[in-house]
Asks: 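One structure coming up, written as structure tokens, with questions to follow.
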Amino acid sequence: MKRFGTMITLSSMLAISALLPACSNNAPSNEAGKSSSASTGSSESSATATASNASSETASAGLPAKFDPPVEMSYVSYQFATLKYDKGDDVNNNNWTRMLKDEYGIVAKNVWEVPYAQYPQKTDLMIASGDIPDFFLASPTQLKQLYEADMIEDLTDVYNKYAPELVRKVQDAAGEYPRKAATIDGKLMGIPFTGVLRESVNGLWVRMDWIKKLGLPEPKTFEDFMTIADAFANKDPDGNNKKDTIGLGLDKDLAMTAPFMNMLHAYKSIWTKDADGKLVYSSTQPAMKESLIKLHDLYEKGILDKEFVVKDVTKLFEDVTANRVGMFYSAGTAGAYPLQGSKDNDPNVEWKMFPLPAYDDQPGKFQTELDIFHGFWVVKKGFKHPEALLRIQEQWLANFYFNNSDETHQKFVSNADNDTIWMESPAKLYMPTRNRDFYLLVNDVLSGKADKSTVPPGVRDILGMIEKYKAGDNQFWGQNLIYGEGGSMGVADHYINENLYVQNEFIAAPLQVMVDKGVNLTKLELDAFTKIITGNEPIESFDKFVTNWKKQGGDDVTKAINEWYTANQ
Amino acid sequence: MVKESLGRKLFLGFDYTFMILLSLLCMFPLVHVLAVSFSSNAASSAGLVTLWPIGFNLKSYEFVMQNAEFLRSLGVSVQRVLLGSLIQMLLIVITAYPLSMEASRFRFRTAYAWYFLVTILFGGGLIPTYMVIKDLGMLDTLWALIVPSSVPVFSVVLLLNFYRGLPRELEEAAFIDGASLLRTLFSIILPLSLPAIATLLLFSMVGHWNAWFDGLLYMNRPENYPLQSYLQTLIINNDFKATTAEELQMLKSISNRSVKAAQIFLGALPILLVYPFLQKYFMKGIVLGSVKE
């Protein structure tokens, strides 16, 4: 009897921890119950709504002016660390959501919101658990997964029928590639989040105060470039009698070698069309050998940092900030980071961005990837009003880009108290040439061609900063470097106007064979190139690399990619 | 006083130098972060600061002290450590006691022991675990951080071995005086095992304080992040290849290294302060826990 009692006590003690997950569920279970009943509710109503919709929509083509009764759309999103809400506002109740609800009958309900770096993993988990919101931003790989699992809506007809003019305008400005990438088996499965890659060309940033000090020419041709690089490294431009300056900054992943190669008409790690219209891997082409010879030459002459093989981009930017670097390749936005830091450390520093110096009579073209930001906006399969997403995007464009009113700008983009309001919009699209457009407008005003009152509020903000810089406030030096006279966006403007780009023709999510072999091939390439640049291997080993690359899977990848290319023309 | 031989002196000399170097090596990162946090941002983002601040100022700390996110996530972490450790300790204590008994006194002991041990060897995997937490409705609540780790089996095994090392006679005496099992556990066994408990408490607190991944995984809003998850989002490098004018403005404020360093240092401080108080039990506890009769 006593033994039995003991067992009961002991077992029940254990039971508490053994069965713990079951017990601890009490309080939150209500919530779970609520949400599951809510979701069944919405799927029921969606079934009825599709039926009633079919009749009403044939009557009036185009987006309904206002959804009545209001449509509730769940979504997930990312945010940037600085996001803050006005007092009393939150993610589901702010200027953007109120406007969408009151004027268009769209109730955007955020399920979760995480910092951008967490977004890919969090969405992966969400997709794996099979419970996706009504719309969200999916990466190319996720788009493919979602399509194959039949979880998302075909948007072909929705886009053709409903897409508002502003959305079409931006999508068309982004070119054909993003739309192509969002199309699977002839069906548009997502609205591309158009990016700003083309205006983010990695031009050549040069220390102008050193140029002046050493009496050097501006980098117009490749010879100029070599003269400058050599002088910056070996003629003691900072005047401290030590050889501690770097002629051309490079990172250990060789990401910054791409613009150098582009200058010599070679392209790094992209798929380009050859004479027969087939796709070939650019890193294995003969032009690549030439640029590796030149890079090795730079290394031999002490122009490259001898320690570049251990420095990533962040480390390189530290050197830039510490004013040890004479030239490096980076996007126009480098004016704000890291170059502003360089100015902060030494007010005498001057930087300027140049186009690629000419190697021969052909201008250099920048290699460019599929121009999307993160991915595609997708709509859950069976959602009754996929067109509501287009309305949100249209409103984003109307208030963020195509707006001349100060009041709207302060309400939806930024004001003195809060410069992060724009982040609260549930869906966004980037205007592919906005910074360039801003640059043009800023310079129209500066040169007196346009009046300040006629330009959009965002441009006026920048003009204000440039005025402050001109009045002696170096805090806004970086902004002037980007948008001001001779600013970096002027270089971008040149490339956009002349369309000097070489597009990576492979724009789909990685194919299976690339997933299997890609990591190894990338490593092979990086190792081979690094060794050739640093002279650990003679330049002849480039041919060995090409053979190895083909043998270790490169041929399989080329074959698969060409099959994909033929199938998707 | 015995005169030490030359060999002994040499050995000690080498030993001390080596140990001092080793501890300096451990101190280095912390001192570096501290130095960066006191430096001006221009110097720290140029990578000029090593062990002594350049352009000494307290601006970073001023900024952090007014930073609502930092303080909020600090609050979440404190709640998590207090509640999480309390629950863990309670469950460890009452789980280890039955399992410490021989099979003759508690018939299914072996079965129960295996039930727990399996969880050391096999985990559910990331996605299934996430789905369980989600379906239990714990997403975005403090419970998602506390409940999954509430029975650390490794700690249970440590305490179980400690219980076994205690003299059986004490327990028998308590029974003869009419104490129930629960009474025996809480009035006799528990006070005797305080050193072990202190050790496990430290494990538990440090574990909860330092955990960041579950916060990122189970929390739907950054407002609910514990401190370490918040710090993680702060220090990883954002990829800002494609930026708009608005993001540029933001970038300037994010790339402030001194502020980051200040937050990292303040994030490590509370748990550093706990250590000295529990340290003495820490060593003693481990030794005692492993001794068997």
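Every heavy atom of this structure was used, including side-chain atoms; hydrogens, water molecules and symmetry mates were not.
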Asks: With a 4.5 angstrom heavy-atom cut-off, could you sort out which part of Ala43(B) is near chain A: side chain, backbone, both or neither?
Replies: backbone
Asks: Given the options Met131(B), Met219(B), Arg109(B), Arg221(B), which has more heavy-atom pairs under 4.5 Å with chain A than any of the others?
Replies: Arg221(B)
Asks: Name the region of Asp461(A), side chain, backbone, both or neither, that has any atom closer than 4.5 Å to a heavy atom of chain B.
Replies: neither
Asks: Find the distance between CG (Leu139(B)) and OG (Ser129(A)) and round it off to the nearest 0.5 Å.
Replies: 9.0 Å
Asks: Is the number of heavy atoms from other residues, nucleotides or ligands within 6.0 Å of CZ (Phe56(B)) greater than 12?
Replies: yes
Asks: Which atom pair, heavy atoms only, marks the closest approach of Leu217(B) to Leu125(A)?
Replies: CD1-CD1, 3.2 Å
Asks: Search all heavy atoms of Ile127(B) against all heavy atoms of Ala128(A) and return the closest pair with its distance.
Replies: CD1-CB, 3.5 Å
Asks: Within a radius of less than 6.0 Å around NZ of Lys315(A), do more than 12 heavy atoms belonging to other residues, nucleotides or ligands occur?
Replies: no
Asks: Which is it for Asp131(A) and Lys134(B) under the salt bridge (charged side-chain N to carboxylate O under 4.0 Å, His left out) test, yes or no, and what are the steps along the way?
Replies: CA-CA 10 Å; Asp131(A) 185 13; Lys134(B) 176 173 155 278; 3.5 Å; yes
Asks: For the residue pair Pro115(A) and Tyr225(B), establish whether any side-chain heavy-atom pair is separated by less than 4.5 Å.
Replies: yes
Asks: Rounded at 0.5 Å granularity, tell me how far NZ in Lys122(A) sits from OH in Tyr218(B).
Replies: 9.5 Å
Asks: If I take atom CG from residue Asn345(A) and atom CG from residue Leu48(B), how far apart are they, to the nearest 0.5 angstrom?
Replies: 6.5 Å
Asks: Please determine whether the number of non-hydrogen atoms from other residues, nucleotides or ligands lying under 6.0 Å from atom CD of Glu307(A) exceeds 12.
Replies: no
Asks: Supply the atom-to-atom distance Glu69(B) CD to Lys84(A) NZ, rounded to the nearest 0.5 angstrom.
Replies: 9.5 Å
Asks: Checking Val91(A) against chain B: side chain, backbone, both or neither under 4.5 Å from a heavy atom?
Replies: side chain
